[in-house]
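Along the sequence shown, residues are numbered consecutively beginning with 1.
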Amino acid sequence: MVDSDDAQQRARHLLTLRRLDDARTAVGIALAQDPNDGPSLRLLAEIELADDNLDLARELANEALTALPDPTSFLVLASVERRREDFAAAIHACEQGLSIDPDDAALHVTMSLAWSGPWLSEQSSTPNPRREVAATAASKAAARALDLDPDRPNAHYAAAVAQLVQHDTLGAAKALETGLKLQPEWVEGHLLMGAIRARQGMIKLSSRHFATAGRLNPMNELPLDQLRQMRGRSRFRRKPTAQPWWLAPEARAVLEADQNLGGR
């Protein structure tokens, strides 16, 4: 009989490689031994999240939470809710997880991104009390994550996104530059930096970041789409592929909010 822990580790590795069907098979071996195993259920939720099956991912995340109500299970549920754009539910899941472990940096990162989420598509810089409340909460959560783990790249990403909510592209770029120094070959970091530089009107620099993101993950269509617009070329031809991302929705929201690549 295959050890359950070994099956989970194999599934995790396959998920990292985006071999999702093989990952499902591996985690299924663990669940066959214990259908109510919390770590296996939440791993399966992560696999479905990676495959953009959001309703199923949410169902599995809740099952995992019932089986094992720990901070990691709340994090998985929060991640799913954030991808479903139910930001209030994501914040609530983070709050529940943090009530168990206030020092969970990953939960603070997700909390920050959930606070920022509803405001990234807003182009108006007119003062808005609700946006200011969200921006303050997002910045506070990102700062807490950085206090806990200053070498966590996605904490710098969350700080950058919070700055974007406040229309501070200079501060956003500075925060994200730190994250990219920590992890130079970071697809999501380059994708967001490309969006930030495009918003600043730095088209040449922006295109470099999109080109890097495209090189690091050629299966994602978004960097190629932006390069087409910037360079005016049609040589980037690829069948559109819907790619799930843990962090990249922020870059998409920024780009979609602008009327053109040099919109700000």
Spell out, as yes or no, whether a donor-acceptor pair under 3.5 Å connects the side chain of [X] to the backbone of [Y].
| X | Y | answer |
| --- | --- | --- |
| N128 | R130 | yes |
| D168 | G171 | yes |
| T110 | L107 | no |
| S206 | G194 | yes |

Test item: [X] and [Y] side chains (from C-beta on) under 4.5 Å apart, heavy atoms:
| X | Y | answer |
| --- | --- | --- |
| R197 | M193 | yes |
| I100 | F74 | yes |
| N53 | D55 | no |
| H209 | L180 | yes |
| L192 | L164 | yes |
| R82 | M111 | no |
| D52 | L54 | yes |
| V161 | W115 | no |

Handout entry: Passing candidate, side-chain hydrogen bond (donor to acceptor under 3.5 Å, both in side chains) with S73, options E63, R42, Q96
Key = R42

Grab the two heavy atoms, one from [X] and one from [Y], that are nearest each other, plus how far apart they are.
| X | Y | result |
| --- | --- | --- |
| A26 | A7 | O-CB, 3.5 Å |
| L44 | L60 | CG-CD1, 3.7 Å |
| G38 | L68 | CA-CB, 4.0 Å |
| A90 | E81 | N-CB, 3.7 Å |
| A45 | V76 | CB-CG1, 4.0 Å |
| P69 | T66 | CD-O, 4.3 Å |

[X]-[Y] co-clustered via ILVMFWY side chain contacts under 4.5 Å:
| X | Y | result |
| --- | --- | --- |
| L75 | L43 | no |
| L56 | V27 | yes |
| F87 | V165 | no |
| L120 | V109 | yes |
| Y157 | L146 | no |

May I ask you to say whether [X] pairs ionically with [Y], meaning some side-chain N is under 4.0 Å from a carboxylate O?
| X | Y | result |
| --- | --- | --- |
| R24 | D21 | yes |
| R10 | D22 | no |
| K174 | E177 | no |
| E48 | R58 | no |

To the nearest 0.5 Å, how far apart are [atom1] in [X] and [atom2] in [Y]?
| X | Y | atom1 | atom2 | value |
| --- | --- | --- | --- | --- |
| R152 | H108 | CZ | NE2 | 10.5 Å |
| H156 | Q183 | NE2 | CD | 11.0 Å |
| N154 | D149 | CG | CG | 8.5 Å |
| I47 | L20 | CD1 | CG | 7.0 Å |
| L14 | T25 | CG | OG1 | 9.0 Å |
| T169 | Q200 | OG1 | CD | 4.0 Å |

Practice task
Take L216 and H190 through the side-chain contact (heavy atoms from CB on, under 4.5 Å) test and state the conclusion after the steps.
Solution key: CA-CA 10 Å; L216 292 172; H190 284 289; 4.0 Å; yes

Problem - E95 vs H92, side-chain contact (heavy atoms from CB on, under 4.5 Å): CA-CA, chis, key distance, verdict - result: CA-CA 5 Å; E95 289 173 339; H92 180 61; 4.1 Å; yes

Problem - L17, CG atom: more than 12 neighbouring heavy atoms under 6.0 Å - result: yes

Problem - W119: which of Q166, H167, R131 passes side-chain contact (heavy atoms from CB on, under 4.5 Å) - result: R131

Practice task
Dump the intermediate steps for side-chain contact (heavy atoms from CB on, under 4.5 Å) on R12 and Q8, then the final yes or no.
Solution key: CA-CA 6 Å; R12 175 68 63 186; Q8 289 178 23; over 6 Å; no

Practice task
Please test S79 against L49 for side-chain contact (heavy atoms from CB on, under 4.5 Å), starting from the C-alpha separation and ending with a verdict.
Solution key: CA-CA 9 Å; S79 299; L49 176 62; 4.2 Å; yes

